[in-house]
Amino acid sequence: MKLIVKEIFADKFTKQMYSVGDTIEITDKDRVKDLSERGLAEVIKEPKTKTKNK
């Protein structure tokens with residue numbers, strides 16, 4: 001999932017610093033939930049593309 005950083009934070013696993021406005025991709029749903037609930041990042045809603053059946 002793609003997230004946009006809302007508050008400066010250091011990743012607890014990699015120690016990498018993220019700044020407000022950075023876009024990050026995280027596959028662990030529990031990690032996404034943790035960052036969202038703590039107000040550190042917000043999930044980017046990506047528009048679903050419709051596929052055309054031929």
Engineer: Can you list the residues that meet the side chain to side chain contact (heavy atoms under 4.5 Å, CB included) rule with Glu42, with sequence neighbours excluded?
Structural biologist: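 With sequence neighbours excluded, Glu42 shows a side chain to side chain contact (heavy atoms under 4.5 Å, CB included) to Ile4, Lys6, given in chain and number order.
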Engineer: What pairs of donor and acceptor atoms, side-chain ones from residues 31-39 against any protein atom, are under 3.5 angstrom apart with sequence neighbours left out?
Structural biologist:
{"from": "Arg31", "atom 1": "NH1", "to": "Asp34", "atom 2": "OD2", "distance (Å)": "3.2"}
{"from": "Asp34", "atom 1": "OD2", "to": "Arg38", "atom 2": "NH1", "distance (Å)": "3.0"}
{"from": "Ser36", "atom 1": "OG", "to": "Val32", "atom 2": "O", "distance (Å)": "3.0"}

Engineer: Scan for ring pair (Phe, Tyr, Trp, His ring centres under 6.0 Å) pairs involving residues 30-50, sequence neighbours excluded, and state none if there are none.
Structural biologist: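 Of all non-adjacent pairs touching residues 30-50, none passes ring pair (Phe, Tyr, Trp, His ring centres under 6.0 Å).
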Engineer: Identify every side-chain donor-acceptor pair in residues 18-27 under 3.5 Å, counting partners at least two apart or on other chains, and give the distances.
Structural biologist:
{"from": "Asp22", "atom 1": "OD2", "to": "Ser19", "atom 2": "N", "distance (Å)": "2.8"}

